Amino acid sequence: MNWFPFPLRYSAPVILVLLAVVLNLFSFQYELQRSYQRHEDYSKQEAMVAGNTYATLLTRLYQAGHVEIARILIEQIKGDPDLQLALVVDDRNMLLHATSLESARKNLSRIMPQLDEVRAANACKVEFIRNHRTLILFYPVVLERPQGAAAPRTGILHLEYDLAGIKKKAYADAMHRMWGMAMMWGTATIIIWGYFHFAVTSRVKKLLAAVTGFARGSQTFSSGLRGSDELIEISRALEAGIAERTRIIEQTGESLRHEIDERKEIEEALRSSEERFRTLTMLSPVGIYVTDAAGSCTYVNQRWCEMSGLTPEEARGDGWIKALHEDDREEIRVAWERMVRTGGLWGKGYRFITPAGKITWVYGNAAPLPDSSGNIIGFIGTNTDITQLTEAHDALEQERQRLFSLLDELPAYVYVRTADYKIIFTNKLFRQQFGEPGSAHCYELIYHESEPCKECRQLQVSPIAEITQRDVIAFNKNSYQLFEYPFTDIDGRQHILHMGIDITERKTAEQALQESELKLRFLSSRLLSLQEQERKRLAAELHDSISQTLSAAKFGLESIVQQESYDPQGSSSRTMAASVEMLKHAIDEVRKISTDLRPSIIDDLGIVAAIGWFCREFQILYAPIAIEQDVAVKEDDVPAPLKIVIFRVLQEAMNNCVRHSSADRIRVAFKKTAGTLTLKIRDNGTGFAREKPLRKDSQKGGLGLISMKERVELAGGTFSVESGADSGTAVIASWPEAPTG
């Protein structure tokens, strides 16, 4: 035993002290971890209950449109001393409200992944960060539904608690416990040391003395361990130990009293929290319910009873299922049981029906309640009355469908565009004429342009912009009367509603009317001019030709009369012959003038004979031009009022060939095909550009093409000209079998 470093009387105390120190260290670490875990679990549970309640209230406020009240609620959350930050973001992670805007902006980029994860899972998320010094929670919040959207937007409520105070409290709690354990271990060490010393060491000494005496030859062996001396020493030692232990116990008792006071404070805080929860549930505008781990109802508030028509006793257990509408009952029951099994989040819309038959639409939310170990001990949920919202949504949807039906039936295209020329709505006529908009801009789809229209670029999209009206031409060459109505959408964005009325036919009619008026004015002018020219020509012909001839015949006959009276045997026969010749010439002139005005052959022999006669006379008059005839029409097929029209068209067309085309061959075709009479005069002359024949400045060409066109159309037919430079000209006139005269 020479290697043992301590005497026997010191070995036991040293070992006990070392053991006490080690055990105290392990005890302190263990108590510290337990205290941390206990306080974290308690804080987490309280934060989850508060977060779920706040998320439910915010959902209700946003869906009701009370955005300002929601902001006030966020501001009031700052009353919690451990709450470091509370903020709400929308579905695009844009900050809506926060207890501290500066902290919210600093932390927003850091929590973006958690925001996306919570939105994707549509479930709350709770975690500790910064070495468990900060508790953060994320809860989905249903925001207001935009107009025309299929589903409401989902925002995120983010709560961040500072656990520094909780850590300090847990550390102090662990220290108190450690000192208590240290006192206990110290007392035990002293007691064991005294017992070892008096009960073992002293007796060992006496035993050694007795053994030594025996070894020295003593005949007696007595250890001296019996008697009053040892008892008195033991009694005194015990008295001293008891006194020390009493002091330690008093110290330990004081520590226990402090711990009991702390527990009472915690219990009082818990009771206050429970009282606040009861008050909150009583005053809450939403129905609140609590279940056990199996999903059986254990508590409902008054608002829940009002919506369901059941009493709290009737709702306990599975009795709440009786409040469900029979069409929703089985679906909700199966979904609820699945949620209880998986321990996930609950969120669903369904109907309550009271015993009196009143139906209430509600949206239910539920979340699990974990204990300090993370085990689910129950579920807490809310029911929000969305009856008015549902009815309003249905009414709005009906009005929306009626509006869309009305817009689809309008005889005008309608579309709505944004300030950046994106199309967000079209009616049926728009899609039929321009196709589906997709992602195209309005100027790309309607006008096939690569940039905005100049007329549209000046239009400012604002609530006070005036309504504009203008005429436009789309890529399909149709003309539209366009009305533009700037307006502000319900989300505050500025748009423009465009309504285009197709005025292509009206524009065409107006243009045709203008052209017709110009033609009529020109024809009237030319008719008056030609009338005067014709009158002048007839006057000149009658005066210079027929009148002089008849005058000469008169004088000749007067001379005959005079000669007969003085010289019966004179030259009267010669004078008479000359007079007869002049009268014959006068008769021919009168016949020629009459033929020019209206050939009598038309009335005597018909249009077929008149065409042949005119071609022969034309051939005699213009011998260098070869005339080809192809007449395959019976006289009875041509109505009487149409004959003079056909003759005038033939006459004017062939005269135009002589005056303008320099042709040496003319083909005249008059046929009947499929109940249609067609007259076609084609030459092999130089031709002309199509826009030139209708010029109004020609004084030599008579009425020309305009006259022929008017004559043909007034007779119920159609008129066309086929011509080109150096390709000859074809004048084509056709009439139905029974034309109007």
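The structure displayed is predicted, hence computed values, not measured ones. Nothing fancy with the numbering, it's 1 onward along the sequence.
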Rounded at 0.5 Å granularity, tell me how far [atom1] in [X] sits from [atom2] in [Y].
| X | Y | atom1 | atom2 | result |
| --- | --- | --- | --- | --- |
| S405 | N427 | OG | CG | 11.5 Å |
| S720 | I732 | OG | CD1 | 4.0 Å |
| L679 | I607 | CG | CD1 | 8.5 Å |
| I681 | E652 | CD1 | CD | 11.0 Å |
| F719 | E713 | CZ | CD | 9.0 Å |
| D683 | I625 | CG | CD1 | 9.0 Å |

L482 vs H498, side chain to side chain contact (heavy atoms under 4.5 Å, CB included): CA-CA, chis, key distance, verdict: CA-CA 7 Å; L482 182 63; H498 296 257; 4.0 Å; yes
Sorted by chain and number, sequence neighbours left out, salt bridge (charged side-chain N to carboxylate O under 4.0 Å, His left out) with D328 holds for R351
- Applying salt bridge (charged side-chain N to carboxylate O under 4.0 Å, His left out), name anything that partners E617, two or more places apart in sequence or on another chain.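 Scan of E617 (salt bridge (charged side-chain N to carboxylate O under 4.0 Å, His left out), adjacent residues dropped) gives none.
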What closest approach, in Å, do [X] and [Y] show between heavy atoms, and which atom pair accounts for it?
| X | Y | answer |
| --- | --- | --- |
| G155 | L143 | N-CG, 3.7 Å |
| L642 | A715 | CD1-CB, 3.9 Å |
| K643 | G606 | NZ-CA, 4.5 Å |
| H441 | D420 | CD2-O, 3.3 Å |
| M708 | A653 | SD-N, 3.9 Å |
| C442 | I423 | CA-CD1, 3.7 Å |

Quick one: are [X] and [Y] in side-chain contact, heavy atoms under 4.5 Å?
| X | Y | answer |
| --- | --- | --- |
| R616 | I627 | no |
| E331 | K348 | yes |
| L650 | F670 | no |
| V712 | T718 | no |
| Q63 | I386 | yes |
| R506 | Q481 | yes |
| V645 | W735 | yes |
| V89 | L96 | no |

Exercise. Would you indicate whether Q432, at its atom CD, is surrounded by more than 12 heavy atoms from other residues, nucleotides or ligands within a distance under 6.0 Å?
Key: yes
Test your reading of the model: is there a side-chain donor-acceptor pair from [X] to the backbone of [Y], 3.5 Å cut-off?
| X | Y | value |
| --- | --- | --- |
| T387 | W361 | yes |
| T418 | K422 | yes |
| Q629 | C615 | no |
| E628 | I666 | no |
| T504 | S479 | yes |
| D90 | L95 | no |
| Q619 | A623 | yes |

Note to self: With a 4.0 Å cut-off on N to O distance, would you call D116 and R119 a salt bridge?
What the structure shows: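 Answer for the salt bridge query: yes.
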One thing to verify: whether R417 and E484 come together as a salt bridge, which I'm taking to mean a side-chain N less than 4.0 angstrom from a carboxylate O. no
Aromatic contact, F614 with F647 (centres under 6.0 Å):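 Between F614 and F647, the centre distance is under 6.0 Å.
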### Message
Ring centroids only, cut at 6.0 angstrom: are Y413 and Y480 within range, meaning strictly under it?
### Response
yes
Passes side chain to side chain contact (heavy atoms under 4.5 Å, CB included), E144 versus R153? Steps please.
CA-CA 6 Å; E144 68 276 13; R153 299 185 300 158; 2.9 Å; yes
(Q) Would V638 and K672 count as a side chain to side chain contact (heavy atoms under 4.5 Å, CB included) here? Give the steps. (A) CA-CA 10 Å; V638 184; K672 177 182 179 182; over 6 Å; no
Checking I496, I424, I446 against Y415 for side-chain contact (heavy atoms from CB on, under 4.5 Å), the one that qualifies is I446
Could you walk me through whether D630 and K671 pass salt bridge (Lys or Arg N to Asp or Glu O under 4.0 Å), step by step? CA-CA 8 Å; D630 183 9; K671 298 180 180 181; 3.0 Å; yes
Is it the case that the side chains of T729 and S723 hold a donor-acceptor pair, with the cut-off being a distance below 3.5 Å and no angle test?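 Result is yes, a qualifying pair exists.
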Pair R648-Q651, side-chain donor/acceptor within less than 3.5 Å:
yes
